[in-house]
Amino acid sequence: MKAIVQDRYGNADVLQLRDVDQPTAGDGEVLLQVHAAALSRGTLHLMTGEPYLLRLSFGVRKPKNPVPGQDVAGTVVAVGPNVTRFAVGDEVFGIARGSFAEYTIAREDKLAHKPPSITFEQAAAMPISGLTALRALDAAEVEAGQTVLVVGASGGVGTYAVQLAVARGAIVTGVASTRKTQLVKDLGANAVIDYTHDDFTDGSRTFDVVVAIGGMTPVKRLRRALTRTGTLIIVGGEGDARWSPGLGRQMHATLLSPFVSQRLTMVMNKEHHSGLDRLAALATEGELASFMDRPYPLAEAPDAVRHLAAGKAAGKVVITV
Ligand SMILES: NC(=O)c1ccc[n+]([C@@H]2O[C@H](COP(=O)([O-])OP(=O)(O)OC[C@H]3O[C@@H](n4cnc5c(N)ncnc54)[C@H](OP(=O)(O)O)[C@@H]3O)[C@@H](O)[C@H]2O)c1
């Protein structure tokens, strides 16, 4: 089969399109014919091997799995022993082990049935970013009528977080750069703040919930955008930490929380089909859609990676196979 392969950690230049052996499904796993894959910031971290601490789990000197990519949508072509939820021919989406390829392996507990009403590209965009956004909104216990600020609204996680907050009846403000403000309005946000012109932490506006997904705004400043009893959820942000995963802000928020009137916390994504089933139901009901940049064919995966790494992507970057 054709696959994107990396023999060492590095930037997009280490990715090569090659012929490799098709994988086989083990216990509790399925073999998928991949129709679409998607990129996420996590995929870039696994590709570069930075922060270095990641290498303890994913390969010290080079990636244990040479085929990058996690998000996937495709058709089941074989099932391994003890698979109970899927059969050959099922159309699925979820998280795989090496999705930048014509075929890939996924654990059945990380897959859900693809809603018939959405395309493979739309489904592939959703798993990691959608699951993370869902965790953030659940952790914040967002309710109708609350004001919610989504920092990083134009990115992978943010495009789903805005829509999920709108679907819960919240009054949503998204933060993004100038070129992507229209996208955030299209997601259904009530207002948009352009972080390149306006300081959303100047204290002139406060919100019941702040979901911090993009940028590395310090906790002290994020708290200025919160009401006195508001909730801060830190999802991530790209720092220049090369050794550890840059969890300093999250740790700071969690340790400070018991001593202040606001609730300050962090979330970690949970890769499980229960969340994927909820995303599928929301997509079927028309409450959640994937907002995607232009798709890239498999052979152009390195360009797709460069596009995301440069911060140029609006919404999700998808690879068609
Ligand atoms: N906790 C978890 O389990 C988990 C799961 C998934 C992802 N993450 C992390 O969450 C972060 C976001 O992931 P993603 O996939 O959404 O990334 P992404 O697609 O690259 O989006 C990044 C977002 O951050 C915005 N942004 C960049 N610089 C900013 C600044 N200085 N101030 C305010 N906003 C800024 C971008 O806006 P513009 O593009 O408009 O500039 C964009 O909306 C990453 O650090 C990722 O590693 C964590």
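Both counts, for ligands and for their atoms, begin at 1 and track the order of listing. Excluded from the calculations below are hydrogen atoms, water molecules and symmetry mates; all remaining heavy atoms, backbone and side chain alike, are included.
L39 and K316 get closest at one heavy-atom pair: O-NZ, 2.7 Å. Considering all non-hydrogen atoms of both residues, A140 and T231 come closest at CA-CG2, 4.3 Å. For A3 against V67, the heavy-atom pair with the smallest separation is CB-CG2, 4.3 Å.
Residue-to-ligand polar distances keep T132 apart from ligand 1: every N/O pair is separated by 3.5 Å or more. Residue-to-ligand polar distances place G155 within reach of ligand 1: an N/O pair is separated by less than 3.5 Å. Taking any N or O of I128, backbone or side chain, none lies under 3.5 Å from an N or O belonging to ligand 1. Checked against a 3.5 angstrom limit, the closest N/O atoms of V151 and ligand 1 fall outside it. Below 3.5 Å of separation, one finds no N or O of S40 facing any N or O of ligand 1. Between V235 and ligand 1, at least one pair of N/O atoms sits closer than 3.5 Å. Taking any N or O of A176, backbone or side chain, none lies under 3.5 Å from an N or O belonging to ligand 1. An N or O contact shorter than 3.5 Å is missing between L308 and ligand 1 by distance. Polar contact with ligand 1: present for R41 (N/O pair, distance under 3.5 Å).
By the 4.0 Å N-to-carboxylate-O rule, D13 lies close enough to R306 to be salt-bridged with it. Salt bridge absent: D7 and K62 never bring a charged side-chain N and a carboxylate O closer than 4.0 Å. A salt bridge links R278 with D138: the closest approach of a Lys/Arg side-chain nitrogen to an acidic carboxylate oxygen falls below 4.0 angstrom. Ionic pairing of K110 and E271 is present here: one or more N-O contacts between side-chain nitrogen and carboxylate oxygen are shorter than 4.0 angstrom.
A single hydrophobic cluster is seen to contain both V148 and I213, as judged by linkage of ILVMFWY side chains at heavy-atom distances under 4.5 Å, directly or through other members. Linking ILVMFWY side-chain heavy atoms closer than 4.5 Å, directly or via other members, places L17 and M1 in two distinct hydrophobic clusters.
Ring centroid separation for the pair F93 and H113 does not come in under the 6.0 Å cut-off.
Taking 4.0 Å as the cut-off, G42 does not count as a neighbour of ligand 1 on heavy-atom distance.
Shown here is R242, whose CZ atom has no more than 12 heavy atoms of other residues, nucleotides or ligands within 6.0 Å.
The shortest contact between atom 11 (C) of ligand 1 and any protein heavy atom is with I213 O, 3.3 Å. Among all protein heavy atoms, the one lying closest to atom 28 (N) of ligand 1 is Y195 OH, 3.5 Å. Closest protein heavy atom to atom 19 (O) of ligand 1: G156 N, 2.8 Å. Here the heavy atom of the protein found nearest to atom 43 (O) of ligand 1 is S154 OG, 2.7 Å. Atom 7 (C) of ligand 1 has its closest protein heavy atom at V157 CG2, 4.0 Å. Nearest protein heavy-atom contact of atom 39 (O) of ligand 1 is K180 NZ, 2.6 Å. Taking atom 24 (O) of ligand 1 as the reference point, the nearest protein heavy-atom neighbour is G214 CA, 3.1 Å. The protein atom (non-hydrogen) at minimum distance from atom 40 (O) of ligand 1 is S177 OG, 2.6 Å.
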Exercise for the section: Quick one: do Y195 and T217 satisfy side chain to side chain donor-acceptor pair (under 3.5 Å)? Show the steps, please. Expected result: CA-CA 11 Å; Y195 71 82; T217 309; over 6 Å; no

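Short contacts between ligand 1 and N269, defined as distances under 4.0 Å to a heavy atom of the residue, involve ligand atoms 2 (C), 3 (O). Taking every heavy atom of G237 and a limit of under 4.0 angstrom, the matching atoms of ligand 1 come to 11 (C), 44 (C), 45 (O).
Cation-pi contact between R55 and F58: absent, since separation from the ring centre below 6.0 Å together with deviation from the ring axis within 45° is not met.
Between atom 44 (C) of ligand 1 and the options K312, E238, R179, M268, the minimum heavy-atom separation is to E238. With S129, A153, G152 as candidates, the residue nearest to atom 25 (C) of ligand 1 on a non-hydrogen basis is G152. Among G174, A212, G215, the residue whose heavy atom sits closest to atom 30 (C) of ligand 1 is G215.
Neither side chain, H272 nor D109, offers a donor N or O lying under 3.5 Å from an acceptor on the other.
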